[in-house]
Enquirer: 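So that we are looking at the same thing, I have put the structure below in structure tokens.
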Amino acid sequence: MTAATLTVVAEGQGELAGDLDFSSVPEIWPALQKLLASADALTLSLARVGRANSAGLVMLLEALDLVRAKRGRLQLSDVPEELLDLARMSGCDGLLTAGVG
């Protein structure tokens with residue numbers, strides 16, 4: 001298991017890295033919430049995400065909901081195929097690929 005990290009790359013750009021699973025999501029979620037609250041528009045790269053399970057998917061869907069509620073914009077880039085497959089099985093892949101805003 002690789003610990004999840006959230007890095008601010010530049011203004012309006014962040015990067016998630018590591019595994020997004022049941023043990024890492026509760027640790028990384030508060031930092032992601034804080035970043036989302038401070039930005040009107042954010043592009044979040046998932047290029048360095050390793051393994052991901054339903055906890056990671058739910059966290060990203062919650063992030064999209066938070067942004068939608070404040071009428072902001074969140075664009076997910078480089079979504080790993082494993083997450084897209086899980087989203088397809090759950091019927092929510094359009095949310096991950098479209099983003100919000």
Side-chain angles (χ1 to χ4, degrees):
M1 179 182 82
T2 305
T5 60
L6 175 64
T7 305
V8 176
V9 178
E11 187 172 331
Q13 296 182 335
E15 178 182 69
L16 277 172
D19 295 340
L20 298 178
D21 56 25
F22 295 107
S23 63
S24 67
V25 165
E27 295 175 10
I28 200 74
W29 175 238
L32 181 55
Q33 283 180 299
K34 185 176 179 181
L35 181 59
L36 293 170
S38 69
D40 291 327
L42 178 67
T43 298
L44 188 61
S45 172
L46 281 67
R48 295 183 54 220
V49 168
R51 294 180 304 117
N53 64 22
S54 60
L57 177 61
V58 168
M59 180 184 74
L60 294 173
L61 294 175
E62 285 293 320
L64 290 165
D65 279 346
L66 283 177
V67 170
R68 183 178 294 118
K70 72 174 212 167
R71 301 194 191 285
R73 186 181 70 78
L74 174 61
Q75 182 66 45
L76 302 175
S77 68
D78 307 305
V79 179
E81 201 57 43
E82 182 178 29
L83 262 176
L84 287 174
D85 288 344
L86 186 58
R88 280 185 203 103
M89 288 187 289
S90 303
C92 60
D93 54 310
L95 294 173
L96 287 188
T97 56
V100 174

Enquirer: Could you report the tightest heavy-atom contact between M59 and L20, atom names first, then the distance?
Expert: CE-CD2, 4.0 Å
Enquirer: How far does CD1 of I28 sit from CG of D21, to the nearest 0.5 angstrom?
Expert: 11.5 Å
Enquirer: How would you list, by chain and number, every residue that makes a side chain to side chain contact (heavy atoms under 4.5 Å, CB included) with D85, sequence neighbours excluded?
Expert: E81, R88
Enquirer: Which heavy-atom pair separates L84 from D93 by the least distance, and what is that distance?
Expert: O-CB, 4.3 Å
Enquirer: With a 4.5 Å cut-off on side-chain heavy atoms, are Q13 and T7 touching?
Expert: no
Enquirer: Do V9 and L16 share a hydrophobic cluster (ILVMFWY, side-chain heavy atoms under 4.5 Å, transitive)?
Expert: no
Enquirer: Under 4.5 Å between side-chain heavy atoms, counting indirect links through other Ile/Leu/Val/Met/Phe/Trp/Tyr residues: same cluster for L6 and V67 or not?
Expert: yes
Enquirer: Checking L86 now: which residues fulfil side chain to side chain contact (heavy atoms under 4.5 Å, CB included) with it, not counting sequence neighbours?
Expert: S54, L57, M89
Enquirer: Mind listing the closest non-hydrogen atom pair of G56 and L83 along with its distance?
Expert: C-CD2, 4.3 Å
Enquirer: Tell me which pairs pass salt bridge (charged side-chain N to carboxylate O under 4.0 Å, His left out) where either residue lies in residues 29-50, with sequence neighbours left out.
Expert: E15-R48
Enquirer: Who pairs with A47 by side chain to side chain contact (heavy atoms under 4.5 Å, CB included), at least two apart in sequence or on another chain?
Expert: S45, D78
Enquirer: With rounding to the nearest 0.5 Å, note down the distance linking CG in L60 to CG in L46.
Expert: 5.5 Å
Enquirer: Would you give the length of the straight line joining atom CG of L44 to atom CG of L64, rounded to the nearest 0.5 angstrom?
Expert: 9.5 Å
Enquirer: Side-chain heavy atoms nearer than 4.5 Å, only ILVMFWY residues, links allowed to pass through others: does that put L61 and F22 together?
Expert: no
Enquirer: So, using side chain to side chain contact (heavy atoms under 4.5 Å, CB included) as the criterion, who are the partners of L66 when residues are at least two apart?
Expert: W29, Q33, L36
Enquirer: So, taking the atom named CG in D19 and the one named CG in N53, what distance separates them when rounded to the nearest 0.5 Å?
Expert: 9.0 Å
Enquirer: To the nearest 0.5 Å, tell me how far E27 CD sits from L32 CG.
Expert: 14.0 Å
